[in-house]
Amino acid sequence: MLTAMSELRKGESGIIKSIEHVGNMRRRLIDIGFNVGERVTLLAHAPLGEPSAFYIKGSVIALRRNDASLITVITEEEDGTDPKKRRQGHS
Amino acid sequence: MGLTLKSVGKGILDDKITDGDGMTVLMSGNPNVGKSTLFNCLTGMHQHTGNWTGKTVSLASGKVRYGDKRITLIDLPGCFSLNSRSEEERVARDCIYFENYDSAVVVCDASCLSRHLYLALQICQVSPNTVICVNLADEAKKRGITVDTDALSKRLKAPCVLTSAKKKSDCKKLISLLEKQSHTLEIDYGERIENYISDIYSLVIGSGISRSDARVFALRLLDSDEEFCEKLKSKLSLPNPIYQEAKSFSVSFLDTHYGGSVDLVSDEISDAIIKRANSISSECVTEKKASKTALSFSDRLLIGKFTAFPIMLALLFFILWLTVKGANYPSNMLRALFNELEAIARTGFNNIGLPTFISAPICEGIIRVTGWVVSVMLPPMAIFFPMFTLLEDVGYLPRFAFNLDRCFSCSHACGKQALTMCMGLGCNAAGVVGCRIIDSPRERDIALLTNSFMPCNGRFPMLIAIIGIFFASSGGATAAVLVGVLAMAVAVTLAVSYMLSKTVLRGKPSSFTLELPPFRMPNVGQVITRSIFDRTLFVLGRAISVAAPTGLFIWLIANINIGNASILSHATELLDPIGRFIGLDGVILLGFLLGLPANEIVVPVIIMAYTSGSALTDYSSLSELKNVFINNGWTAMTAVNFIIFTVFHWPCSTTLLTVKKETSSIKKTAFAFLLPTAVGIILCLVSRLIFFICQ
Ligand SMILES: Nc1nc2c(ncn2[C@@H]2O[C@H](COP(=O)(O)OP(=O)(O)OP(=O)(O)O)[C@@H](O)[C@H]2O)c(=O)[nH]1
Ligand SMILES: [Mg+2]
């Protein structure tokens, strides 16, 4: 199932499908390992809800919600819950 | 490892590669892989290291002798890629493309090699003489990861070595590999781009440029900015007509094949490198265990929803409490020592018959002010900084930034500002330079202009002293008040950042990434001795270079009369109305003005002004000091406003010079002066109002 990376639940992983960022930030993300086809796992949200820490290619990177939402991932399980509910589930 | 002599004060303004004889070797690599640690191990120097991305922001060089080899090592700031346009990575990138060096060491992390090979592959294409250093081998071993360096060496066509930067023997191995060779690596970018590269090569071949340089040039024409290409052109000494031709060729190539989108072409270029990196890493790396993708227990506490902030405050309180408690005894001892020294000097001078107009300035000027600076400033800082450095080495700072990021995002600022603020605690000038890790110019300016809100090394002990005198009887209470003062400094930083974002530095928060490195066990003994040593040298250096001469100067203006009063009292009288208006007085204001070169001397100036001409000659305890203050009209409000003004007033001259250097703008420097001053005055007025209402 396709979702924004920011909508992953805690502990859930997905495979990066596309990156919507442009310019410098796009390059930075690609440079630090957010590559298409790579597996990314959401580890935790910061105590105030934002940013979130992601495990990617052996390291942990924190991104703000806005920035994470511009990365699309494919999650493995098909659980049919709609994204709004998923978000409430983990916040 | 904390702040060193070179990393604070005027030393940080130097940014040049010193050209020596022998080989010049660059230490490059991603951030936080141990470049500086290796550099220190090899050179025996003490460059600051720390467990977070962006610790090193400027170049450092050192010399190594190995057999008959003489090597100049250059420690670079970390970068993720050679092709990014971010300001943060510029220093390292430019160095690798444009400096003259014989060899580049690329330091990689053994635990996530594929990510690090991305940069290594880029550097192998640019620099004909690359050595790959796979560092953090001890950590990788713990995670069950092994790296086959021979295979790696074959695939990269460069010597590879596995190291743990903290082991001396490993570092030696690295040095022995630094031989001259000269071949660059070529990566296949796919037919379309390869054809384009050949076309460019045939265009420029007439100017005698090598194949590998031509490849680099062709690729960078596609995805780099004008300024960079111009620099590359002069580095390769390409004639302008050829350059222009190549340029327009690349533009038309970009237009026809990628619709003019730089993002598309640079994606394709990166993809090729990433594929190669992944294939090399899958060949050379074996993982015994599946990598763990859950948070560690300590992380669940340190960034946990309910535990993060209590732990943060508790840690801060604990460190400050230890600082206040631990500093008390050595402080008193040093004070007694200097009092004695003054007495001995006085009798000594008397015995040899030195006239008072020479002995008095030495005793009451130089020795007394130096004594204050050393006894009040040194002990707390020699306790605070080792502990702060331990936190830094463990990897707490990025977690701190992670926890607070939401606040910065609400202020439309960058979360990495929290890191620069931590640096500011040591020295605001270092904090200002540290702002280079913030990529967006707008957010960098915000961080830079508000950095002086963090009470630095020179002001912190002042706060401890005044709080101890007026508001708290026990160490715990002092620490609690200090936590409050720091919280206020952070709150004001956030508020002012917000206001700047809404006015002069208008804009939306930009994107950024924050790395949370693994926790690492610091070398406790070494950190403690090292940073106590550094702090001591630093404070003593300041005492000699600033405190002693100012002491003399102040004694002179306090004792040379014009008309019927000293120059000092004329000056304080002049300032008095302004001082009184903001709930201070003329003497305090003069103290802060004279403290422009170094805040350390603010309080001694004030004391000297209060006591000049009076019977009180020396003060042996802080309670006697309290009497001096109270006799000169200090109330609780004066003390509160003094604390406020200590935190919020003009930055010291070194910080201002650094702002000037970092922004190259007089306007911003002036603003950096005025902004904290205005904030301080406003807060002092508010406090005065509150005291007025409450009375
Ligand atoms: N366990 C272990 N820790 C290491 C090793 N090398 C470095 N470290 C630690 O890793 C952290 C980062 O080291 P630095 O030398 O500051 O890294 P850097 O590459 O200079 O980082 P930047 O200046 O930010 O680019 C420090 O806490 C070091 O103590 C190693 O081989 N093993
Ligand atoms: Mg470094």
Checklist outcome for this item: Bottom line for B/R143: the part with an atom under 4.5 Å from chain A's heavy atoms is side chain
Checklist entry - Under a 4.5 Å heavy-atom cut-off, does chain A meet the side chain of B/Y118, its backbone, both or neither? => result side chain
Checklist entry - Under a 4.5 Å heavy-atom cut-off, does chain A meet the side chain of B/I274, its backbone, both or neither? => result side chain
Checklist outcome for this item: Residue from A/T41, A/I61, A/I19, A/I32 scoring the most non-hydrogen pairs under 4.5 Å with chain B is A/I32
Checklist entry - Where does A/L29 contact chain B at under 4.5 Å (heavy atoms): side chain, backbone, both or neither? => result side chain
Next on the checklist: I'd like to know whether B/F512 forms a side chain to side chain contact (heavy atoms under 4.5 Å, CB included) with B/D439, so could you lay out the CA-CA distance, the side-chain angles of the two residues, the decisive distance to 0.1 Å, and finally the verdict.
Outcome noted: CA-CA 8 Å; B/F512 75 99; B/D439 216 39; over 6 Å; no
Item to check | Which portion of B/S261 sits near chain A, non-hydrogen atoms under 4.5 angstrom | outcome: neither
Checklist outcome for this item: Checked B/I303, B/D267, B/N278, B/N30 vs chain A; the most non-hydrogen pairs under 4.5 Å come from B/D267
Checklist entry - For A/M1, does its backbone N or O pair with a side-chain atom of A/T75 as donor and acceptor, under 3.5 Å? => result yes
Next on the checklist: Between B/C407, B/S409, B/P517, B/S114, who has the most heavy-atom pairs with chain A when the cutoff is under 4.5 Å?
Outcome noted: B/S409
Checklist entry - Any donor and acceptor pair, going by atom type alone, linking the side chain of B/Q122 with main-chain N or O of B/L82 inside 3.5 Å? => result yes
Checklist entry - Which atoms of B/S270 come close to chain A, meaning under 4.5 Å heavy atom to heavy atom: side chain ones, backbone ones, both, or neither? => result side chain
Item to check | Among the listed options A/S59, A/A62, A/A46, the residue most often paired with chain B at heavy-atom distances under 4.5 Å | outcome: A/A62
Checklist entry - Should B/K508 and B/E443 count as an ion pair when the cut-off is N to O under 4.0 Å? => result no
Checklist entry - Hey, are B/S111 and B/D109 close enough side-chain-wise for a donor-acceptor pair under 3.5 Å? => result yes
Checklist entry - Does the distance from a Lys or Arg side-chain N to an Asp or Glu carboxylate O, for B/R406 and A/E50, drop under 4.0 Å? => result yes
Checklist entry - Are there more than 12 heavy atoms of other residues, nucleotides or ligands under 6.0 Å from atom CD of A/E20? => result yes
Checklist outcome for this item: Sorted by chain and number, sequence neighbours left out, side chain to side chain contact (heavy atoms under 4.5 Å, CB included) with B/D223 holds for A/R27, B/N83, B/R220, B/V262, B/S266, B/I269
Item to check | Heavy-atom pair count under 4.5 Å with chain B, highest-scoring of A/G37, A/G11, A/P47 | outcome: A/P47
